[in-house]
Amino acid sequence: QVPLVESGGGSVQPGGSLTLTCVAYGAFFRYNTMGWYRQAPGRQREQIATISVSGKTSYTSSVRGRFAISRDNGKNTMWLQMNNLQPEDTAVYYCNNVFDQSSWGQGTQVTISA
């Protein structure tokens, strides 16, 4: 079974919002810092937000102030609230363990266009 499943993507207009969900299948989730990543067409996958087991968060500068990462260790679930979305946020979004990326889920497509 794929250990990580992302959902919640879609197509919205600039300025819109989406909330992505990541469900982890395995005990690793509650013991590890987790992150959200994205890969835009023709570009390398980049880390955009991380959250520690205790809830400490960090963001790349391009999303800071617009995106919010959160998690529920009891539900093995993590979220990414995305506000004020812009065309440059168009990408496939993934979640993963920050320190062990031996496998990836299928990701969820986010498309921002007028």
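The structure displayed is predicted, hence computed values, not measured ones.
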S.K.: Applying the 4.5 Å side-chain criterion to the ILVMFWY set and letting contacts propagate, would W79 and V92 be lumped into a single cluster?
M.R.: no
S.K.: For residues S113 and P87, determine if any side-chain heavy atom of one lies less than 4.5 Å from a side-chain heavy atom of the other.
M.R.: no
S.K.: Which pairs, with at least one residue in residues 57-86 and sequence neighbours excluded, count as a salt bridge (charged side-chain N to carboxylate O under 4.0 Å, His left out)?
M.R.: R66-D89
S.K.: Kindly indicate whether the side chain of F28, heavy atoms from C-beta on, has any atom under 4.5 Å from the side chain of M34.
M.R.: yes
S.K.: Show, in sequence, the C-alpha distance, side-chain angles and deciding distance for V12 and I112, and conclude whether the side-chain contact (heavy atoms from CB on, under 4.5 Å) test is met.
M.R.: CA-CA 5 Å; V12 299; I112 314 302; 3.2 Å; yes
S.K.: For residues 7-25, pull every pair meeting salt bridge (charged side-chain N to carboxylate O under 4.0 Å, His left out), keeping only residues two or more places apart or in separate chains.
M.R.: none
S.K.: Under the salt bridge (charged side-chain N to carboxylate O under 4.0 Å, His left out) rule, what pairs show up with a residue in residues 42-61, not counting sequence neighbours?
M.R.: R38-E46
S.K.: Which residues pass the side-chain hydrogen bond (donor to acceptor under 3.5 Å, both in side chains) test with Q109, sequence neighbours left out?
M.R.: T111
S.K.: Rounded to the nearest 0.5 Å, what's the gap from CD1 on I48 to CG on L80? Could you check?
M.R.: 5.0 Å
S.K.: Tell me, please, which residues at least two apart from T108 pass side-chain hydrogen bond (donor to acceptor under 3.5 Å, both in side chains).
M.R.: none
S.K.: Would a 4.5 Å heavy-atom cut-off, applied to side chains only, mark T57 and T50 as touching?
M.R.: no
S.K.: Going by side-chain hydrogen bond (donor to acceptor under 3.5 Å, both in side chains), name the residues that satisfy it together with T90, two or more places apart in sequence or in a different chain.
M.R.: none
S.K.: Report the C-alpha separation of M78 and F29 in whole Å, then their side-chain angles, then the decisive distance to 0.1 Å, and conclude whether the side-chain contact (heavy atoms from CB on, under 4.5 Å) test is met.
M.R.: CA-CA 9 Å; M78 180 173 67; F29 180 88; 4.0 Å; yes
S.K.: What residues, two or more places apart in sequence or in another chain, satisfy side-chain hydrogen bond (donor to acceptor under 3.5 Å, both in side chains) together with T33?
M.R.: none
S.K.: Can you list every salt bridge (charged side-chain N to carboxylate O under 4.0 Å, His left out) pair that touches residues 6-20, not counting sequence neighbours?
M.R.: none
S.K.: Spell out, yes or no, whether Y94 and F99 are grouped together once hydrophobic residues are joined by side-chain heavy atoms under 4.5 Å, including indirect joins.
M.R.: yes
S.K.: Write out all pairs satisfying ring pair (Phe, Tyr, Trp, His ring centres under 6.0 Å) with one or both partners inside residues 55-77, taking only residues at least two apart or from two chains.
M.R.: none
S.K.: Under the ring pair (Phe, Tyr, Trp, His ring centres under 6.0 Å) test, which residues partner Y37, sequence neighbours left out?
M.R.: W104
S.K.: Does the N96 side chain pair with the main chain of V98, one donor and one acceptor, at a distance under 3.5 Å?
M.R.: no
S.K.: Without placing hydrogens or testing angles, list every side-chain donor-acceptor pair under 3.5 Å for residues 13-21, not counting sequence neighbours.
M.R.:
unit_1: S17; atom_1: OG; unit_2: N83; atom_2: OD1; d: 3.0
unit_1: T19; atom_1: OG1; unit_2: Q81; atom_2: OE1; d: 2.4

S.K.: Do N76 and R30 have side chains that get closer than 4.5 Å, going by heavy atoms?
M.R.: yes
S.K.: Which residue pairs satisfy the disulfide (SG to SG under 2.5 Å) criterion with at least one member in residues 5-112, sequence neighbours excluded?
M.R.: C22-C95
